There are 2 protein chains.
Amino acid sequence: MKELPLTEPVFLILLSLAGQPRHGYSILKDVDDMSRGRVKLSTGTLYGALRRLLAGRWIERFKEDDRPRGRQAYRLTALGRRNMQLEVSRLKRLALVANLRVARKES
Amino acid sequence: MKELPLTEPVFLILLSLAGQPRHGYSILKDVDDMSRGRVKLSTGTLYGALRRLLAGRWIERFKEDDRPRGRQAYRLTALGRRNMQLEVSRLKRLALVANLRVARKES
DNA sequence: TTCAATATGTCGTTGCGCGACATGTCGCAT
DNA sequence: ATGCGACATGTCGCGCAACGACATATTGAA
């Protein structure tokens, strides 16, 4: 797994999983919602990112009993959650700095 | 120029220029500072991004009189500033959503 | 006087994002 | 019944951005 900072799509995928375990298609819709329809993940992006996140142990497959065929959920690992917390702190700080810089001078 | 959202390096470059016009090397150091040393732009990234930003009219060359040879500054255009304001709003909102989601459940 | 910091830029590789494509299920309306 | 849209998972190849390596020149300080 590459080092921080995360790219936008990956960040949103992880953020989606931060609330609850989800399967792929559910992530797709959740990201759409969260970003108010601004970010539409393609399946290529999604499954590519999930593969890398699994490999880096940020997420893991989450087995449920009565899950219909071909359907599988993912959830954050402890590592993934920790990293996301760091990433969110970083983001909040960046938002503050950005706000200061851009707010100044003519709006 | 590609559509929003911006990538991290490009965002930081623009943010650096939001405060004041700067030349390339100055952007490099400012981004380093702003991100507390987390993001070290390579010159390849920087000048590639500057070229694209110039092409898309987000920034423009900023001429100063007594500038030593080979040294040139860049500054945000009105378009660039407007786009950055949008981008910052978007970022702030994302930071809020992210905070809610990640804060919940064990820290 | 040489070394680090300042300063600008190119080139090739790598890896990511993304659209297109492929495949299949399920529930509902016609 | 059948056909359609939403649900669901995945692969493949292209284009492009990020990045490290390299190249070069100037300036100020030890």
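Fair warning: this is a prediction, and the values are worked out from it, not measured in the lab. Chain identifiers are assigned alphabetically (A, B, ...) following the order of the sequence lines, protein sequences preceding nucleic acid strands; residue numbering begins at 1 within each chain.
Going from atom CZ of B:R22 over to atom P of C:dT6 covers 13 Å, rounded to whole Å. Between the CD atom of A:E8 and the P atom of C:dG15 there is a distance of 22 Å, given to the nearest Å. For the pair A:D30 CG and D:dC7 C1', the computed distance is 16 Å after rounding to whole Å. Here the C1' atom of nucleotide C:dC18 and the CG atom of A:L50 are 15 Å apart, to the nearest Å. The CG-C1' distance, from B:L41 to C:dG9, rounds to 15 Å in whole Å. When the C1' atom of D:dA8 is taken as reference, atom NZ of A:K29 falls 10 Å away, rounded to whole Å. Taking atom OH of residue A:Y47 and atom P of nucleotide C:dG19, one finds them 16 Å apart after rounding to whole Å. Note: CG (A:L28) to P (C:dG19) measures 11 Å, nearest angstrom.
The side chain of A:Q72 approaches D:dT9 more closely than any other nucleotide in the set C:dC18, C:dT8, D:dT9. When distances run from any side-chain atom of A:Y25 to the nucleotides D:dG10, C:dC16, D:dA6, the shortest one goes to D:dA6.
Backbone-only contact: B:R51 has heavy atoms under 4.0 Å from sugar-phosphate atoms and none from a base. Here A:G24 lies in heavy-atom contact (under 4.0 Å) with sugar-phosphate atoms only. Looking at heavy-atom distances under 4.0 Å, B:S26 makes no contact with the nucleic acid at all. Using a 4.0 Å heavy-atom criterion, one finds that B:F11 contacts no nucleic acid atom at all.
Applying the salt bridge (Lys or Arg N to Asp or Glu O under 4.0 Å) test to every pair with at least one member in residues 8-28 of chain B, sequence neighbours left out, gives these pairs: A:R90-B:E8, B:R22-B:D30.
Looking only at side-chain heavy atoms (C-beta outward), A:M84 and A:L6 come within less than 4.5 Å of each other. Proximity of A:R52 to A:V10: side-chain heavy atoms (C-beta onward) are separated by under 4.5 Å at one or more points. Taking the side chain as every heavy atom from C-beta outward, B:I27 and B:L50 approach each other to under 4.5 Å.
Here the CD-CZ distance, from B:Q72 to B:R61, works out to 4.0 Å after rounding to the nearest 0.5 Å.
Residue side chain B:T43 reaches the base of D:dA21 through a donor-acceptor N/O pair under 3.5 Å, judged by distance alone. In this model, no side-chain donor or acceptor of A:S42 finds a partner on the base of C:dG17 within 3.5 Å.
Each of A:T45 and B:T45 has a nearest nucleotide on DNA chain C; the 5'-most of these lies closest to B:T45.
The phosphate of D:dC16 (OP1 or OP2) has no side-chain N or O of B:R52 nearer than 4.0 angstrom.
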